[in-house]
Amino acid sequence: MTKTRLEAFSDGVFAILITILVLELKVPHEADWPALTPLAPVFLTYVLSFIFLGIYWNNHHHLFHTVDSVNGRILWANQHLLFWLSLIPFVTGWMGENHFARTPTAIYGIVLLCAGLAYYILVHAIIAQQGPHSELAAAVGKDMKGIISPLLYIAGIGSTFVHPGIAQGFYVLVVFMWLIPDRRIEKRVATNHSP
């Protein structure tokens, strides 16, 4: 099967999730600056989640540059990733509305952890189809960012019960780690397709 429908469906899901995120921002009834103050936690969680979704979309885009065809395993691995990403608007709203309370912050981290693991599964489903000597396998290599990210999520989830602000710090650290698109794949594809 070609990858075209998978990419189109995934792009549509990403667009819908970002739209749902912004709909969680409620417009204040007052027209002055102090009216925005109560919205600060909701806005901050929106920004964090928007960046996370942007990182996933960007890396998903790069990932599928290495794919010529997909099989059922890849389709289901992709659906698994999209399932966890589809929960981000819910946990974003819950955490923001409750001003970064412990339980919503921990659940937010659990959803991010599960999305990270789902992405890892998707990468390895593609490698399993393409073989251990594929462009993607060579580009991913030891995947230190992919190993460190879940550890930071787990640390964040655990730290919510000490203080939710510490957990937010761990989540932001993951954002900074992944903010620059994964150049390993980009470089590998460019090298192998140069004239």
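For reference, positions follow the sequence shown, starting with 1. Please read these numbers as outputs of a predicted model, since none were measured by experiment.
- With rounding to the nearest 0.5 Å, the separation of CG in Leu48 from OG1 in Thr92 is 7.5 Å.
- No more than 12 heavy-atom neighbours from other residues, nucleotides or ligands sit within 6.0 angstrom of CZ on Phe9.
- Contact check for Ser134 versus Thr66: no side-chain heavy atoms found under the 4.5 Å cut-off.
- In terms of hydrophobic clustering, with Ile, Leu, Val, Met, Phe, Trp and Tyr side chains grouped at heavy-atom distances under 4.5 Å, Ile121 and Ile88 are assigned to different clusters.
- You'll find the side chain of His60 reaches within 4.5 Å of the side chain of Leu122, heavy atoms only.
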Given Ile20 and Phe90, is the side chain to side chain contact (heavy atoms under 4.5 Å, CB included) satisfied, shown in steps?
CA-CA 9 Å; Ile20 292 169; Phe90 170 75; over 6 Å; no
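- Under the 3.5 Å distance criterion, with hydrogens and angles disregarded, a donor-acceptor pair is assigned to the side chains of Ser49 and Tyr108.
- Note: Glu7 CD to Thr2 OG1 = 9.0 Å, rounded to the nearest 0.5 Å.
- The aromatic rings of Tyr46 and Phe50 lie tilted to each other, with the angle between the two planes from 30° to 60°.
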Could you walk me through whether Phe100 and Thr45 pass the side chain to side chain contact (heavy atoms under 4.5 Å, CB included) test, one step at a time?
CA-CA 9 Å; Phe100 308 106; Thr45 58; 3.2 Å; yes
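- Two residues are said to be in side-chain contact when any heavy atoms from C-beta on lie closer than 4.5 Å; Leu25 and Leu39 fail this criterion.
- Remark: aromatic rings of Phe14 and Tyr56 are distant, center separation not under 6.0 Å.
- For His80 and Trp76, the distance between ring centers is not under 6.0 angstrom.
- Tyr171 places a side-chain heavy atom less than 4.5 Å from the side chain of Tyr153.
- Both Ile18 and Tyr119 belong to a single network of hydrophobic side chains, linked directly or stepwise wherever heavy atoms of I, L, V, M, F, W or Y lie under 4.5 Å apart.
- Asp11 and Trp57 form a side-chain donor-acceptor contact under 3.5 Å, judged by distance and modelled atom types alone.
- A distance of 11.5 Å separates CD1 of Ile110 from CG of Leu87, quoted to the nearest 0.5 Å.
- Using a 4.5 Å heavy-atom cutoff, the side chains of Met144 and Met177 are not in contact.
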